[in-house]
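First the structure, in the form of structure tokens, and then the observations on it.
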Amino acid sequence: MNETLQTIFSLRTIHGDFSEQEISESDLNCILEAAQRTANASARQSYSIIVLEDRARMRELFGYQGSRALVFCVDFTRLMDTARYLGHRFDNDDIISFITGTIDTVLATQTAVIAAKALGIDSLITNGLQRNDFEKVYHLLGLPEASCFPLITVVLGYARQEPPYQKGRVSQEFVVHRGQYRHLTEEQLARSVAEYDDHQKHIGLIDDWEKQGFAHYLDWFYTKWSGQPAVERVAEGKVREFQERLMKSGFWWPME
Ligand SMILES: Cc1cc2nc3c(=O)[nH]c(=O)nc-3n(C[C@H](O)[C@H](O)[C@H](O)COP(=O)(O)O)c2cc1C
């Protein structure tokens with residue numbers, strides 16, 4: 001395997017247990033430059049990256065801390081402001097741009113993670129910001145009310161200790177469809193359930209599901225972790241908060 005593939009195949013998340021060791025400014029800059037190299041729709045680079053170094057602020061915002069954190073926001077503000085500056089009309093705030101902007105943003109995020117790993121720097125991707133109150137997040141980060149949405153955070157640093165194992169993935173046959181989509185057969189479903197149950201593979205979030213009285217890992221996942229599906233499709237709680245936030249940002253329009 002060449003070095004690039006070795007880096008990719010050695011990726012693993014550090015779930016917040018970063019040491020006090022700081023990453024250098026030159027490494028940080030390299031990670032940011034690598035992130036910006038990523039492909040992006042219509043050459044718009046429709047994101048902004050907020051670099052945090054205050055560990056207490058990180059904890060307050062998303063519950064984790066490390067040497068630095070990069071908050072990746074879908075953001076059309078820069079393009080809007082430039083249009084205004086040049087005297088053009090431009091408005092990219094709709095669901096299509098939100099999705100395309102999300103793709104730009106997420107690709108840049110993963111590139112940052114890979115670049116960090118290539119430099120020996122560990123990372124955690126977290127959506128902890130979105131578990132927080134959006135009003136508070138917008139206030140603390142000074143985010144523009146419109147055209148901007150905080151999508152994902154990468155915490156960077158050095159692991160206090162190496163995790164005991166690298167987490168596994170489900171087999172390619174359950175994920176990759178050649179030529180056309182096919183639902184898994186009953187036999188494949190049984191084997192995929194067994195893969196999650198296989199303690200050697202470490203695919204799931206927890207290992208002690210049997211001790212908690214579950215026959216399969218996925219029984220724990222569906223009943224304890226995911227919660228029950230809403231019977232009525234009425235936006236409540238976090239779903240409502242997301243929809244309201246996306247409306248304020250201009251990305252989500254009322255249907256009538
Ligand atoms: C969108 C997203 C959100 C995540 N949020 C968290 C988080 O809040 N806390 C955490 O410990 N890990 C978080 N993770 C990391 C995943 O738990 C981790 O990637 C997954 O368990 C696979 O482990 P690995 O990355 O070590 O292979 C997140 C990952 C993604 C892509």
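It should be emphasised that the depicted structure is a prediction, and the values quoted were computed from it without experimental measurement. Atoms within a ligand are numbered from 1 in the order they appear, just like the ligands themselves.
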Heavy atoms of other groups near E162 CD, more than 12 under 6.0 Å: yes

Other residues, nucleotides and ligands only: do more than 12 of their heavy atoms fall within 6.0 Å of CZ on R131?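 Atom CZ in R131 is crowded, with more than 12 foreign heavy atoms closer than 6.0 Å.
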
Output side-chain donor-acceptor pairs under 3.5 Å for residues 148-161, partner residues at least two apart or in another chain, one line each.
residue : atom : partner : partner atom : Å
R160    : NE   : D17     : OD1          : 3.0
R160    : NH2  : F18     : O            : 2.9

For residues F242 and F134, establish whether the separation of their ring centroids is below 6.0 Å.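 Distance test on ring centres: under 6.0 Å, yes.
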
Determine all donor-acceptor pairs shorter than 3.5 Å in which one atom belongs to a side chain in residues 30-39; sequence neighbours excluded.
residue : atom : partner : partner atom : Å
Q36     : NE2  : Q45     : OE1          : 3.1
T38     : OG1  : A35     : O            : 2.6
T38     : OG1  : T111    : OG1          : 2.9

Check ligand 1 against the protein and report each N/O to N/O distance under 3.5 Å, formatted as atom name, atom name, distance.
residue  : atom   : partner : partner atom : Å
ligand 1 : 5 (N)  : I125    : O            : 3.4
ligand 1 : 5 (N)  : N127    : OD1          : 3.4
ligand 1 : 8 (O)  : T126    : OG1          : 2.8
ligand 1 : 8 (O)  : R131    : NH2          : 2.7
ligand 1 : 9 (N)  : Y64     : OH           : 2.6
ligand 1 : 11 (O) : H15     : ND1          : 2.6
ligand 1 : 11 (O) : Y64     : OH           : 3.3
ligand 1 : 12 (N) : H15     : ND1          : 3.3
ligand 1 : 14 (N) : I125    : O            : 3.1
ligand 1 : 19 (O) : T13     : OG1          : 3.3
ligand 1 : 21 (O) : K167    : NZ           : 3.2
ligand 1 : 25 (O) : T13     : OG1          : 2.5
ligand 1 : 26 (O) : T13     : N            : 2.8
ligand 1 : 27 (O) : R169    : NH1          : 3.0
ligand 1 : 27 (O) : R169    : NH2          : 2.9

Between side-chain atoms of residues 101-108 and protein atoms elsewhere (two or more places apart, or another chain), which donor-acceptor pairs fall under 3.5 Å?
residue : atom : partner : partner atom : Å
T102    : OG1  : F98     : O            : 2.6
D104    : OD1  : A41     : N            : 2.8
D104    : OD2  : S46     : N            : 3.3
D104    : OD2  : S46     : OG           : 2.8
T105    : OG1  : G101    : O            : 2.6

